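Below: the structure, in structure tokens.
Fair warning: this is a prediction, and the values are worked out from it, not measured in the lab. Letters go in sequence order (proteins before strands), and every chain restarts at 1. Hydrogens, waters and symmetry mates are skipped; everything else that's a heavy atom, side chains included, is used.
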Protein chains: 2
Amino acid sequence: MSSPSSSTVGMPRQALQQEQIGQTAIVLLDDGGIESLSMRRLGSRLGITAAALHWHVRSRHDLLLLAADTVWGQIPLPRLEDLEWRPALLAMADNLRSMLSRHPWLLTAMTLQPLDGPCRDRHDEHLIAFCETSGLTRQDAEQAAHSIVAFALGAALATAPGRYVSFGLQSILDGVEAGLAAHR
Amino acid sequence: MSSPSSSTVGMPRQALQQEQIGQTAIVLLDDGGIESLSMRRLGSRLGITAAALHWHVRSRHDLLLLAADTVWGQIPLPRLEDLEWRPALLAMADNLRSMLSRHPWLLTAMTLQPLDGPCRDRHDEHLIAFCETSGLTRQDAEQAAHSIVAFALGAALATAPGRYVSFGLQSILDGVEAGLAAHR
DNA sequence: ACCTGAACACCGTTCAAGT
DNA sequence: ACCTGAACACCGTTCAAGT
């Protein structure tokens, strides 16, 4: 994304480097939080200077963006044919919750800048798709999906003791069901 | 909290200083986010050195704690006698939302450390109290209150376009009502 | 009690210069 | 194309020393 993309065949070194940089950044972030990810520290883990790292990635912000979308990509997405919408949405919410507990720094990063990325987008679309299989219109499905993500993020932020999570989420799903009944 | 508390009458200088420090910190935080609050910068706003600031406040973390509880204290709490539980909970959720939009750095701070404080506690208790006036048991009221806060925080974090907020929240309130019906 | 100055060990980022 | 070294303008925190 930062290099002018050479005319050679298949991004031979650059892409790999980029991925390795992201993985190593996540290691630093996972133990020590966002404060322990520095250009100098990450550089030395990779065997290069902080200045050299700036050749591969534009800024520390871009680094967070890269790491963030990587962990969004780690969330397993249940297949649309395998589950009914309600257990599917519960499973997706739980997968999100468990990702956030593995990578708590993501919440911090999300408050510092909007973290759009292909994997985040794919996750959102998948959630909306499941909502739609319940019979909701596209618009309502978007609202429901957004509410589920919001609740999962907020519950992680407020460090809910676990059992608290279920009440709000169940209510939202009940709300989906009620919306269905009304539209029919 | 950091001084041994002199034996004189009514915390004459120290308390005022503490409050002034908090207010000035919030000014810095409000325009520029968490990154723009530094001991050096805050110190110079107050006319003292960063080192001098460390005499008043133990660390930058303590500073964030002070600022955070201050803005929690700014949320207006509707009186218990004035409103029915449902409009009251909606109002409290909206007051929280508007505080978070005025002080976006609070979300960042909350992800960095648990931010307990007297004002935050008071807000939680008030929310629980309103839930209890609906007829919920103490335990259920705590779950409902926790869910409302989680949703408000998450919605602010996901930067909902505003209209998205209502669906999830309404569902949670519907869930409260359904819980009532079941228990009766 | 309250503040300064200097020091220590860090930061992100830029840029000329090397290969 | 990829990296280094040095530099710039910052950090939080500690501590001796001043008043």
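- Here the separation of D:dC10 from C:dA9, taken at their C1' atoms, is 13 Å to the nearest Å.
- The stretch residues 85-96 of chain A participates, sequence neighbours left out, in these salt bridge (Lys or Arg N to Asp or Glu O under 4.0 Å) pairs: A:R86-A:D174, A:R86-A:E177, A:D94-A:R97.
- For C:dA16 and D:dC3, the C1' atoms lie 13 Å apart once the distance is rounded to whole Å.
- For DNA chain C, the stems formed by at least three consecutive Watson-Crick or G-U pairs, with both atom-pair distances below 3.5 Å, span C:4-8 with D:12-16, C:12-16 with D:4-8.
- Dashed line: the shortest gap from a side-chain N or O of B:H56 to OP1 or OP2 of C:dA1 is not under 4.0 Å.
- Residue pairs meeting the salt bridge (Lys or Arg N to Asp or Glu O under 4.0 Å) criterion with at least one partner in residues 38-52 of chain B, sequence neighbours excluded, do not occur; the list is empty.
- Identified under the salt bridge (Lys or Arg N to Asp or Glu O under 4.0 Å) test for residues 106-120 of chain B, with sequence neighbours left out: B:R120-B:D124.
- In this structure, B:S38 has no side chain to side chain donor-acceptor pair (under 3.5 Å) partners at least two apart in sequence or on a different chain.
- Residue pairs that meet the ring pair (Phe, Tyr, Trp, His ring centres under 6.0 Å) test with at least one member in residues 126-145 of chain A, sequence neighbours left out, are A:H126-A:F130.
- Salt bridge absent: A:R60 and A:E35 never bring a charged side-chain N and a carboxylate O closer than 4.0 Å.
- Among residues at least two apart or in separate chains, there is no ring pair (Phe, Tyr, Trp, His ring centres under 6.0 Å) pair with a member in residues 25-44 of chain A.
- Under 4.0 angstrom from either OP1 or OP2 of D:dC3 there lies no side-chain N or O belonging to A:T49.
- For A:Q23, the side chain to side chain donor-acceptor pair (under 3.5 Å) criterion is met by no residue, not counting sequence neighbours.
- A:T137 places a side-chain N or O within donor-acceptor distance of the main-chain N or O of A:D140, the cut-off being under 3.5 Å.
- With sequence neighbours left out, the side chain to side chain donor-acceptor pair (under 3.5 Å) criterion links B:Q113 to no other residue.
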- [ ] Heavy atoms under 4.0 Å is the rule here; annotate nucleotides 14-19 of chain D 5' to 3' with B where the base is hit, S where only the sugar-phosphate is, and - elsewhere.
- [x] BB----
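- Under the rule for a side chain to side chain donor-acceptor pair (under 3.5 Å), B:D31 has no partner lying at least two apart in sequence or in another chain.
- In this structure, the CG atom of A:L46 is 14 Å from the P atom of D:dC2, given to the nearest Å.
- For DNA chain D, the neighbouring residues in residues 31-41 of chain B, judged by any heavy atom under 4.0 Å, are B:L37, B:S38, B:M39, B:R40, B:R41.
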